[in-house]
Amino acid sequence: MMVRQAMAKPRRQALHGAAYMFGAQSSSSLSMTEELFLDAAEYGNIPEVRRMLDLPHLNVNCVNYMGQNALQLTVANEHLEVTKLLLQKKNLVRIGDALLLAISKGYVRIVEAILSHQTFADGRRLTNSPSQAETHDDFFACDEDGTRFSRDITPIILASHCHEYEIVHILLMKGARIERPHDYFCQCSTCSDHQKYDSFSHSQSRINAYKGLASPAYLSLSNEDPVMAALELSNELAVLANIEKEFKNDYKKLSMQCKDFVVGLLDLCRNTEEVEAILTGDVESCRDSETFSRQNLLRLKLAIKYEVKKFVAHPNCQQQLLSIWYENLSGLRQQTTAVKILLVLGVAVGLPVLAFMYWIAPSSKLGKLMRGPFLKFVAHAASFMIFLCLLILNAADRFEGTSLLPNMTIHDHPSQLFRMKTTPFTWMEILIISWVIGKIWEGCKGIWSQDIREYMSEPWNLLDFGILAIFMTSFIARLMAFWHAHSAQSYVDKHYTDISNISLPSEIQYFQLARVSWMPSDPQLISEGLYAIAVVLSFSRIAYILPANESFGPLQISLGRTVKDIFKFLVIFITVFVAFMIGMFNLYSYYLGAKHNDAFTTLEESFKTLFWAIFGLSEVKSVVINIDHKFIENTGYVLYGVYNIIMVIVLLNMLIAMFNSSFQEIEGDADVEWKFARAKLWFSYFEHGGTLPVPFNLIPSPKAVIALLVGVREFLCALPPGKSKENANDDAELNKLRQQEDVSVEALSCPTHHQRFMKLEKANKASLKTKTLNNNGVHGKTEETKALKKKVKIMNHLIKRYILKAQRDKEQDEVNEGELKEMKQDISSLRFELLERENHNTEMLAELIRQLGEALHTRQKLN
C-alpha cells in the first residue's frame, strides 16, 4: 500500500527535487517512511498518520525541502483531526509557528486545539515573541531565515493584524495582551540596546505593536471603554506620524483606522441613550436641573481636539448637538429663517434689557433661556456687532473729510493748549474701551477655566489676544499723550491766563503746535496707527461666527486653509525676495544721484521697488544709470528680469495652485468640514458660565458675589479652594475615565464581560468609599452603580453589533475560495478514510477466503 501511495504522488516528489535551493533539510535526506509521513500529514490522510505515529523509529519532527514539519503542513492545509493526532506526541517542535500559521489563516478550531496543548499551560508563550531570550528553543522555527513571521510578532498581535475577532477573544481569555511600546524618546536600557543593535527592527516592532493596538478587534475586545481608548490612540499615532517621518504613512493609516472604528460604533447606535453613552461615557443625566440636558461631552471634546472630523460630523452626533444647541427653544428648530432673523434682531435691540433682567434674576425662566447655547451665541454675536458699529461711528465725524487740517489748531478758550482738544477720550472711545476691558476679562476667565496651553492652541484666541494687545497699547499711548498734554496745561493754567501772544517754553510750546510739526514718535501718532491696525483685525473676527451658516461656513474654512498656505509660501518668497533685494542694493548702492530714480540705491528703496514690482508698479528704468557703465546696467537688467520671472511667473502661480488645491480639498468634503467647524463653534457655547456678553460681564452679579463670599469663607476656614461646579464635574468625569482605563488594563488577564464588569464595579465601589458621606450618599452610590451597569450593558451591545457587522462584511467580501478549499480538504480526508476502509475490507475478505480454503482443504482430507 505504501508503494502505491508513493506512486500516486509524482508531482509532490518532483517538487522535493528542488531542495538544493533552500538551506533546509532536503528530501534526499528523508527516508521513504518520513516522506510518506509528511505526504499523509499534508493531504490529511488520518488513518495513515495514525498508523505511522505508532512506528517506533519515526521522527515526527522531520521537515521537507521547505523546512516545514508535519504539524506545519497539517495546519497550512487545515486538517483539524491530523493536528490533534500530532499534538498528542511528546517532544513536538514548532508548535508556536504552527499557532501563528493557524492564526494567519483564520483557522479557529485549529487555534483552539493548539492552545489546549500543555505548552500553553502557563500562558507565558502567548505573551513572548520568538525574539525574546526565554523562547530561544524549538518552540518556533529558528532556522537561519527565522519564522515566516517577524520575530517580534506574538499570537495576539498577529490575530489583531488579521482582524480575527474570535481568535483575539480566545487569546485574551488565555491572558495574552499587547504591551504598549515605550515612548519614542525613551532612554531606558531596553530601548537603547534595541536601537544600537538594530534600529530598523526596533522601529518595525513598534509599528507591529501599534498595528495590533489599533486593530478594531483588539480595541473592541480588550478595552472597557473602547471609544476613549481609540481616541487617545489615534492622537498618539498622529503625533508619532510627525515624529517618525520615515513611517509617517503607516502611522497616519493606523490613526485613521482608530477614527474609523469610533465612527463605526457611532453608526450602530439605535437610540439617543446609546449616542449619549458614546459621546459622554455616561447614560445618567446630571441631577442638577441646570445641566439636565447638557451633558459633559468629554469624548466629543476629545474628538474635536484630535480632529476626528467624521465622528463629529456624523448625523447621530450632529442631531445630539442640535438638541443641546436649541435647549429650552426646541420649537425654534422648525421655524423659518425669517423668524430666526427676527429673533436675532430682537435680542440685539433688547440686549441691555435682557442683560439687566438676567443680572437681577438668573434663575428665572428668562434667565434659563439666556443660558441656552443658542441665545448665548446670539447675545455674544450681537454684542460684537455693536462693537463694530461703535468702531464705525467713532470715525463718523470724518466721513466727508475733517475740518481740522494738519496745519491748523483750535482752542476753546485763550489759555487752552491745542493738544488738550485732540488727546482726551470721547464718549464713543470710552464705550470701545469698556468693550475691550470686558473682552480681556472674558479671556482671563477662559484661561482660568482651562489650561493656558489649550486656550492658546485655539487660533481665534490668539487673534483675540493680538487684537486686545494692540487696542490696549493704543489706549495706553493715547493716555500717555493726554497725560503729557494735561501736565503742560496745568503748567499754563498755573502761570498764564492767556497764551495768545506769549512765548512758552519749548517743552510746553510743543503741545501748542499743529499736527504737521509733531515728532514721528509722538504717542498720539503711535496710538492712531495701532488703533487703525486693531480696527482692521477686529473686522476679521467676523469670520469666527461664519461656520454657523451652511453657505458661508465652507468659504471661511477655505479662507483659513488659504492663510496657512500663505505662511508656508512666505518661507520661499522671503528667501528669494531678500536675495534679490540685497543683490540689487549691492549693485546700485554706489550710484546714488547717478540714476534715473533712487531705486536700489538704499536698502529701503530696494525693498520698495522689488515689492511693488510684484504688482507691476515699478518701472523698467529703475535699473538705468546715467553713467556709461554698461556691464553694471546689463547685470541689473538681467537680475531684475530673472526676479520678475521667478516672482510673477513661478512663485505667484505656485501660490495660486496651492490656493486651488486647498479649495478643492475643502469642496470635496465640504459637508464634513462645515459640520466639524460648526460643532467647534457650538461647543464653545455649551460650557456653563459667560452668559452675559461684553461689556455687561464687567458688572458683578449677585450670583458672583455670593460665590466670592463662599470662596472667601472656605479660604478662611483652611479648606481647599473649590473649583466651579462645571469644572468639578469635568474633573470627576476625567478621574472616572482614568480609573476605567486602569481597570481595563487589569481586565486583560480576565477579559470576559462578566469579569470585566465585576472589576469595574469593584473599582467604582472603592472610589465611592473615598467620598465624604452626606445625607443622600447611599442613594447617590446606588444611582451611580446603576448608571455604570447600564453603561457597560450598552457598550457591550454596541461592541457585539460591531463585531457581527465586521464578520458579515468579511463574509461578503471574501470569495468562495476558502469554502471550496475546505470542501476539497474534507473530500480528500474522506477519500483516504474510504481507501483505508476498502483496504481493511479487502484484508478481511482475503482472510475469510483463506479460512474458507483451509476449511475446504481440511474437509477434503477428512473425506
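Being a predicted model, the structure only gives us computed values, none of them experimental.
Remark: A679 engages V312, Q318, L321 in a side chain to side chain contact (heavy atoms under 4.5 Å, CB included) (not counting sequence neighbours). Residues meeting the side chain to side chain donor-acceptor pair (under 3.5 Å) test with D464, sequence neighbours left out: R541. In terms of the side chain to side chain donor-acceptor pair (under 3.5 Å) criterion, S606 has no residue partners (sequence neighbours excluded). For S527, the side chain to side chain contact (heavy atoms under 4.5 Å, CB included) test picks out S474, A477, R478, with sequence neighbours left out.
Although no hydrogens or angles enter the test, the distance criterion places no donor-acceptor pair under 3.5 Å between the side chain of N660 and the main chain of I656. Looking only at distances, a side-chain donor or acceptor of H380 sits under 3.5 Å from a matching main-chain atom of G690. Remark: side-chain polar atoms of S215 are not paired, donor with acceptor, to backbone N or O of H161 under 3.5 angstrom. The closest donor-acceptor contact from the side chain of S662 to the backbone of F659 lies at 3.5 Å or more, if one exists at all. Checking side-chain atoms of Y455 against main-chain N and O of N461 turns up no donor-acceptor pair under 3.5 Å. Using a distance-only test at 3.5 Å, with no hydrogens or angles considered, no donor-acceptor pair links the side chain of S255 to the main chain of Y251. N223 contributes no side-chain N or O that, together with a main-chain N or O of A229, makes up a donor-acceptor pair within less than 3.5 Å. In this structure, Y637 contributes its side chain and V620 its backbone to no donor-acceptor pair below 3.5 Å.
Looking at heavy atoms from C-beta onward, F567 lies in side-chain contact with V563 at the 4.5 angstrom threshold. Side-chain contact check for S205 versus H202: some heavy-atom pair is nearer than 4.5 Å. Between L655 and F573, the closest side-chain pair of non-hydrogen atoms is not below 4.5 Å. Residues E236 and Y210 form a side-chain contact, since some pair of their non-hydrogen atoms from C-beta on lies under 4.5 Å apart. Looking at F585 and F600, their side chains never come closer than 4.5 Å, going by heavy atoms from C-beta outward. Considering only heavy atoms from C-beta on, L798 stays 4.5 Å or farther from L266 through its side chain. For the pair W682 and P373, the minimum side-chain heavy-atom distance is 4.5 Å or more. The shortest distance between side-chain heavy atoms of E673 and R561 falls below 4.5 Å.
Interatomic distance, CD1 of I433 versus CG of L390, reported as 12.0 Å (0.5 Å rounding). Distance check, rounded to the nearest 0.5 Å: CG of N394 to CG of L431 gives 9.5 Å. We find the OG1-CE distance between T562 and M658 to be 9.5 Å, quoted to the nearest 0.5 Å. Atom CZ of F475 and atom CD1 of I437 lie 8.5 Å apart (nearest 0.5 Å). From K305, atom NZ reaches atom CD of E454 across 5.5 Å, with rounding to the nearest 0.5 Å. Here OG1 of T280 is found 8.5 Å from CD of Q320. Values are rounded to the nearest 0.5 Å.
I178 and A209 get closest at one heavy-atom pair: CG2-O, 3.9 Å. In terms of heavy atoms, G636 sits closest to M584 at O-CE, 3.9 Å.
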Inset, instruction - Could you check F580 against Y640 for ring-ring contact (aromatic ring centres under 6.0 Å, His included), going step by step and ending with a plain yes or no? - result: CA-CA 8 Å; F580 280 93; Y640 195 54; 9.4 Å; no
Inset, instruction - Mind running side-chain contact (heavy atoms from CB on, under 4.5 Å) on M654 and I572 for me, showing each step along the way? - result: CA-CA 11 Å; M654 185 179 71; I572 301 176; 4.2 Å; yes
Inset, instruction - Mind running side-chain contact (heavy atoms from CB on, under 4.5 Å) on F311 and I278 for me, showing each step along the way? - result: CA-CA 11 Å; F311 177 80; I278 289 182; 3.9 Å; yes
Legend entry - From CA spacing to verdict: salt bridge (Lys or Arg N to Asp or Glu O under 4.0 Å), E604, K608: CA-CA 6 Å; E604 180 183 357; K608 292 179 180 178; 3.0 Å; yes
Inset, instruction - Would you check, one step at a time, whether the test salt bridge (Lys or Arg N to Asp or Glu O under 4.0 Å) holds for E327 with R371? - result: CA-CA 9 Å; E327 184 181 81; R371 283 199 300 270; over 6 Å; no
Inset, instruction - Verify side-chain contact (heavy atoms from CB on, under 4.5 Å) between I440 and M472, making sure each step is shown before the conclusion. - result: CA-CA 10 Å; I440 292 174; M472 289 305 300; 3.6 Å; yes
Legend entry - Steps toward side-chain contact (heavy atoms from CB on, under 4.5 Å) verdict (I324, F683): CA-CA 10 Å; I324 300 174; F683 205 89; over 6 Å; no
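For F577 and F607, the ring centers sit closer than 6.0 Å to each other.
Annotation: side chain to side chain donor-acceptor pair (under 3.5 Å) contacts involving residues 546-560, sequence neighbours excluded, are absent.
Ring planes of W435 and F384: tilted class, angle from 30 to 60°.
Taking the centre and axis of the six-membered ring of F676, the NZ or CZ atom of K309 falls inside the cone set by 45° and 6.0 Å.
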Got a list of side-chain donor-acceptor pairs under 3.5 Å for residues 645-652, not counting sequence neighbours?
none

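For the residue pair E605 and Y588, no side-chain donor N or O sits within less than 3.5 Å of a side-chain acceptor on the partner. If you check the side chains of Y544 and S684, you find a donor sitting under 3.5 Å from an acceptor.
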